[in-house]
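Data block below; observations after.
Remember, it's 1-based here, ligands and their atoms both numbered in the order they're listed.
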Amino acid sequence: MKQIYFVSFGCQMNVLDAELVLGDFQRSGYRRTDEMRHADFVLINTCSIREHAEDKVWSLLGRARQLKEAKPHIKLGVMGCMAQRVKDDIIRRAPHVDLVLGTSNFRSAVQDLQDIDAGGGRILRTEKRPDPEFLPDADRNVGARPDRFRAYVTIMRGCNHACTYCIVPHTRGPEISRPLDEIMVETRALVADGVREITFLGQNINTYGQDLHPQRKHTGEICTLLEEAAKIDRLDRIRFLTSNPFDMTEGMMRRFGSIPKVMPWLHIPAQSGSDAVLQRMQRTYSVAQYHEVVGWARKHIPGVEITCDFIVGFSGETEEDFEATKRLVREVGFMQTYVFKYSLRPKTLSARRLPDDVPEDVKSRRNVELLAVQDAMAVERNKRLIGKRVEILIEGISKSDDSRVTGRDHSNRLVHCPGDSSMAGLMAVVEIEEAGAHSFIGRRVALEDEPGAWTYRSTSFGDAPAPTAR
Ligand code: 5AD
Ligand code: SF4
């Protein structure tokens, strides 16, 4: 049996792309190995969002080169955003790479490898439009997913925005939505295979479908998609990301809030709490508008929790700008924030127009400070949940304590409670006893399949406890 050594970096989109490709290899008889030296094929799924992510790939390529010198039969492939962005550099600096697959046509990997093995020579595919000749997402090896009860489904690829710092429009091209019926076929297949929670993925899901129906202006097609998915029997929970502050309307929030299977959790990146910085980032909203969007979410989605991304040390960011970002974190009360130090990406608008003028040590300090503000705020905020009951979908044994299981509640909070691996995939009601900045510990009050426990299935959220302490 042939073996594949596969490494993946980057966002949820990459996690799913990795699963799709690995599923194809599994289907054609490959087994995954954790040791590069045992592999027949080494494949790296890359990310370009920050320089650091690319550095890791170059060093991995160095290791693979040494291995290939010792075992020339090994084939080496690079896929994803970095393969798209620096294909020429890869060809030049890493002549030992046999296969370069960009962000669109990576599902050809199995066939390409066969062609290379047959002596066809190196293959390079970096067109940004999907080639209809290759496998569509819906033709997916559903059994290959790492999590039995939760899965990702891509609803759109690419991005039409022009945030000045961002490489994504460059690596993933313009927005392309997948047709609704195709997405539903894929979702139904996953649910038929035991998935209870689906997370729909897109760079900017607010505008899902606009390219499919250019004649309609602002359609809220994402809401139609969620309503359709909610009709699928045995699918219990629906999530989606990313919801950006732009292209969002109050009407869309109202529709999100009216679909019981849509979970009260939104990822709404703010990036900065300073209007001046937002303008330089070309984010097209102000801090006041960000607050307005959060207000709509809280008004229409009971118990909603919001997570956020911030970039610190963007071009020209002053101490006052940074203070404004800290203020936004305190004022909104995010469940979690992800903080990134600005990393200049070649050929982005900010690389061309704006100096990378915040010193590295200042970026690092602001990163640490912002996370400290978030954690202090979250600890206080999370205490309100003590004594309340939440419902979790049990994922499996907790990584830090094998007498406990871990799951996420409706609002995507991480909750641990006593249990064992046989409970994976079941819902449980947990009474929260301890609250930290990032997770909760509680007492199990009921388990879905327990005799005498509440009979819970699918849409019967009426039986479940109120999801939050708001
Ligand atoms: N530097 C630092 N962080 C970035 N992000 C995107 N581009 C950059 C960059 N050049 C962050 C944003 C985005 C998240 C996925 O990565 O916060 O929301
Ligand atoms: Fe990048 Fe902005 Fe598009 Fe997000 S919305 S992928 S940050 S350009």
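- Atom 15 (C) of ligand 1 has as its closest protein heavy atom D309 OD2, 3.8 Å.
- Taking the six-membered ring wherever Trp is involved, the centroid distance between the rings of F246 and H161 falls below 6.0 Å.
- With a 4.0 Å cut-off on non-hydrogen atoms, F340 touches ligand 1 through its side chain and not its backbone.
- With respect to R366 and E369, no salt bridge is recorded, no charged nitrogen being found less than 4.0 Å from a carboxylate O.
- Looking from atom 7 (S) of ligand 2 to the surrounding protein, the closest heavy atom is Y165 OH, 3.2 Å.
- Looking only at protein heavy atoms, the nearest one to atom 1 (N) of ligand 1 is S343 N, 3.0 Å.
- A 6.0 Å sphere centred on CD of E331 holds more than 12 heavy atoms belonging to other residues, nucleotides or ligands.
- You'll find the ring centres of F200 and F240 outside the 6.0 Å limit.
- Contacts between N204 and ligand 2 below 4.0 angstrom, taking non-hydrogen atoms only, are absent altogether.
- Closest to atom 5 (N) of ligand 1, if we only count protein heavy atoms, is R50 NH1, 3.5 Å.
- Ranked by closest heavy atom to atom 3 (Fe) of ligand 2, the top entry among P169, C159, G158 is C159.
- Polar contact check, Q271 against ligand 1: a nitrogen or oxygen pair lies under 3.5 Å apart.
- No heavy atom of R172 sits closer than 4.0 Å to any atom of ligand 2.
- In this structure, R145 contributes its side chain and L20 its backbone to no donor-acceptor pair below 3.5 Å.
- The proximity of Q271 to ligand 2, defined as any non-hydrogen pair under 4.0 Å, does not occur for either the backbone or the side chain.
- At least one donor-acceptor pair under 3.5 Å links the side chain of R122 to the backbone N or O of P95.
- Of all the heavy atoms of I311, the ones lying under 4.0 Å from any atom of ligand 1 belong exclusively to the side chain.
- Among all non-hydrogen protein atoms, the one lying nearest atom 2 (Fe) of ligand 2 is C163 SG, 2.3 Å.
- Aromatic pair F134/F106: centroids not less than 6.0 angstrom apart.
- Summary of contacts: the protein heavy atom closest to atom 1 (Fe) of ligand 2 is C166 SG, 2.2 Å.
- Judged purely by distance below 3.5 Å, without hydrogens or angles, the side chains of S274 and S272 never pair a donor atom with an acceptor atom.
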